[in-house]
Amino acid sequence: MTTWVPTAYRTHTLGEIQTLGADLIDKTVTVAGFMEANRGKGAICFVDLRDGTGTTQVFLKANTIGAESLDLVQRMTRESTLQFTGTVSLKRPPKVKEGEPTPPPAYEVLATSVEVIARAEAPLPLGVTDTVNVELDTRLDNRFLDLRRAHVNAMFRLRGKVLQFGRQHLITEGFIETHTPKIVATATEGGTDLFPMQYFETPAYLNQSPQLFKQLCMSGGLERVFEIGPAFRAEKHDTYRHLNEFISFDIEVSWANDDDVMGVLERMLHHIWKSVAEEEESQGLIATINAYRATQEEEAIEVIVPELPFPRMEYCDAIRIIKEKGGTIEWGDDIDAENSDLLAEDLPQFYFLPRWPMSLKPFYIHHVEGEIGSTDQQLSRGFDLNFGRDEMTSGGQREHRIDVLIDNLKNMDLDPEEFEFYVAGFRHGVPPHAGWGLGVERILMKLTGAKNVRETVLFPRDRKRFCP
RNA sequence: GCCCGCUUGGUGUAGAGGUUAUCAUGCAGGAUUGUCAUUCCUGCGACCCGGGUUCAAUUCCCGGAGUGGGCGCCA
């Protein structure tokens, strides 16, 4: 349970007026919030007041609050911030049609005074309680108002929950939380464009992932680390699932191989899903999202806890199955969206794709000599985790043998000298280690049914948007 | 970067070479109401920009800008 400590502006939250209402009857309280709606233009008026914990009706009578204050509230615009002092009372039950159940008792505040903290300008750029659809672009331009909408607010509370449950699980498995630098000197670990920046007199970059640094933590004997932090990629992609700044949930584990960290991943995701499905507050957030979806005639989202272990579909088998289904692909190709759709037909939820060809993986991925695929090419210990058609995670066992590592760099046309800070960490003994990076926003998409990854980020950064 | 759409009140939409430009929501005013998605009445508010075709363009054509979707690549 959350403990709400009174503040300078309110003695109770609006949620508490409802949950503690029976004990608060006739007590004087001060509450504050956004005015969702007001009704009544005569000698009485009702205000729906909303704060972060819920909504409560405030009842105003001319002879209790005074004609002047009543008039002020009656003229107030929606979403204005108001503070009321008054006494808690039992709300008169609504008229119910015959046969319908009587709703549980609700409480209201009979106002004795009001303070207008801020009047909201009208018209609102988007309706907070309106049922009309609002386009994502309009929403993001006015995110502060969009966030006031119940289902959007719930999305971000749920985001916090997901991170909390994930963090909680890793800590129980002995992980420690770390932070690695986001300003880096090395151009790239391959595969992506970076944002250049100026670091005093020297060119530098925003980091694309904590990869190389978390490996140095392994060399440093930290054994089990995780990090939840931003990653920056300057790719000019424009899709429902890409961002130029996203939050990467990363782990790295010593004395472990790819199978070991796949285990960590599926246990963590299982814990997150299970917790969201079972925890009361999370269920409430899901219910809020579903209430909105119902107004948009969208199907309710259901939190289906995935079974352990997640299915494994090795790369070679995936290629074979795609071919059987009529997809165009050759061994050694990346699996594109169209072909991922074919795999997703049979694997609509989480599944691992282990043992990719070494040729498709970055220099830091480990391979075991003799592990070869169906065309006699070297396999790697790299894996992906998909949810249906979408990639959630990329991971693998890392190359801890310094000579192989340097060969890999050379084979991929990278200059080992540029990676000296990294290679140096391998000169004095490194435990075999493995890890992964998980896209937090993509997980949120799957959990909340969001069709666009931007919905799961407060202020998304994409090709066209970096403000607000 | 490539391909395909779209752009109409604050928001979301309907629509047509000549209309009083539709509906919902919103906003303003009024009637009713201890209301509770109130109900009812009245009113307000819009065709992205530039050029072309035409007697006439918001509608057709070209260009631009903005935006949405798909793809590549990725998390």
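Lettering follows sequence order; numbering is per chain, from 1.
Rounded to whole Å, the distance from CD on A/Gln74 to P on B/U35 is 16 Å. Between A/Asp137 atom CG and B/C48 atom C1' there is a gap of 14 Å when expressed in whole angstrom units. For the pair A/Lys464 NZ and B/G68 P, the interatomic distance rounds to 6 Å; values are reported in whole Å. In this structure, the OH atom of A/Tyr107 is 18 Å from the C1' atom of B/G34, given to the nearest Å. Rounded to whole Å, atom C1' of B/U25 lies 13 Å from atom CZ of A/Arg149. B/C74 atom P lies 15 Å from atom CD of A/Gln211, rounded to whole Å. One atom, CZ of A/Arg39, and another, C1' of B/G30, lie 19 Å apart when rounded to the nearest Å. Note: CG (A/Asn133) to P (B/G10) measures 17 Å, nearest angstrom.
Between A/Lys214 and the choices A/Thr180, A/Asp250, A/Thr178, the side-chain hydrogen bond (donor to acceptor under 3.5 Å, both in side chains) rule is met once, by A/Asp250.
As judged by a 4.0 angstrom heavy-atom cut-off over every strand, A/Asp336 is placed among residues touching the sugar-phosphate backbone only. Residue A/Asp48 is classed as having no contact, given no heavy-atom separation below 4.0 Å to the nucleic acid. Heavy atoms of A/Thr239 sit under 4.0 angstrom from at least one base atom. Base engagement by A/Gly40 is indicated by at least one non-hydrogen atom pair under 4.0 Å involving a base atom. Counting any heavy atom pair closer than 4.0 Å across all strands shown, A/Glu108 reaches a base atom. A/Ala337 comes within 4.0 angstrom of the backbone, heavy atoms only, and of no base. Nucleic acid contact class of A/Arg389 (heavy atoms, under 4.0 Å, all strands): sugar-phosphate only. Among the protein residues, A/Leu136 comes within range of no part of the nucleic acid, since none of its heavy atoms lies under 4.0 Å from any strand.
In terms of phosphate contacts, A/Ser394 brings a side-chain nitrogen or oxygen within less than 4.0 Å of OP1 or OP2 of B/A75. In this structure, A/Asn452 reaches the B/G69 phosphate: one of its side-chain N or O atoms is under 4.0 Å from OP1 or OP2.
Residues satisfying the side chain to side chain contact (heavy atoms under 4.5 Å, CB included) test with A/Ile44, not counting sequence neighbours, are A/Phe46, A/Phe59, A/Lys61. Legend: residues meeting side chain to side chain contact (heavy atoms under 4.5 Å, CB included) with A/Lys236, ordered by chain and number and at least two apart, are A/Arg463. Contacts of A/Asn339 classified as side chain to side chain donor-acceptor pair (under 3.5 Å), with partners at least two apart in sequence or in another chain: A/Asp336.
Between B/A46 and B/U39, the two C1' atoms lie 29 Å apart (nearest whole Å). B/U25 and B/C41: their P atoms are spaced 12 Å apart (whole Å). For the C1' atoms, the distance from B/U58 to B/A21 is 9 Å, rounded to whole Å.
Less than 4.0 Å separates RNA chain B from at least one heavy atom of each of the following residues of residues 78-91 of chain A: A/Arg78, A/Lys91.
At least one side-chain heavy atom of A/Phe84 sits under 4.5 Å from a side-chain heavy atom of A/Leu49. In this structure the side chain of A/Thr448 never reaches within 4.5 angstrom of the side chain of A/Arg159, judged on heavy atoms. Residues A/Ile176 and A/Phe226 form no side-chain contact, since every pair of their non-hydrogen atoms from C-beta on lies 4.5 Å or further apart.
Looking at A/Thr131 and A/Thr295, their side chains never bring a donor and an acceptor atom within 3.5 Å of each other.
Judged by atom type and distance alone, A/Gln57 reaches the base of B/U35 through a side-chain donor-acceptor pair under 3.5 Å. A/His237 contributes no side-chain N or O that forms a donor-acceptor pair with the base of B/C71 under 3.5 Å. Taking 3.5 Å as the limit, the base of B/G10 and the side chain of A/Glu121 contain no donor-acceptor pair of atoms between them.
Position along RNA chain B of the nearest nucleotide to A/Leu110 versus A/Gly127 favours A/Gly127 as the more 5'-ward residue.
In this structure a side-chain-to-backbone donor-acceptor pair under 3.5 Å is present from A/Asn207 to A/Ser209.
How far CD of A/Gln296 is from CG of A/Asn133: 5.5 Å, rounded to the nearest 0.5 Å.
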Notebook entry, point to check: For A/Glu399 and A/Lys361, what are the C-alpha separation, side-chain angles and deciding distance, and is it a side chain to side chain contact (heavy atoms under 4.5 Å, CB included)?
Noted result: CA-CA 11 Å; A/Glu399 187 51 73; A/Lys361 286 292 161 187; over 6 Å; no
Next item on the list: Taking Watson-Crick and G-U wobble pairs with both distances under 3.5 Å, convert RNA chain B into its dot-bracket string, 5' to 3', dots for unpaired and | for cross-strand pairs.
Entry: (((((((..(((.....[....)))((((((.......))))))...(((((..]....))))))))))))....
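No salt bridge links A/Arg233 with A/Asp193; every basic N to acidic carboxylate O contact stays at or beyond 4.0 Å.
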List every contact pair, protein side and nucleotides 3-5 of chain B side both N or O, where the distance is under 3.5 Å.
none

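A 6.0 Å sphere centred on CG of A/Asn63 holds more than 12 heavy atoms belonging to other residues, nucleotides or ligands.
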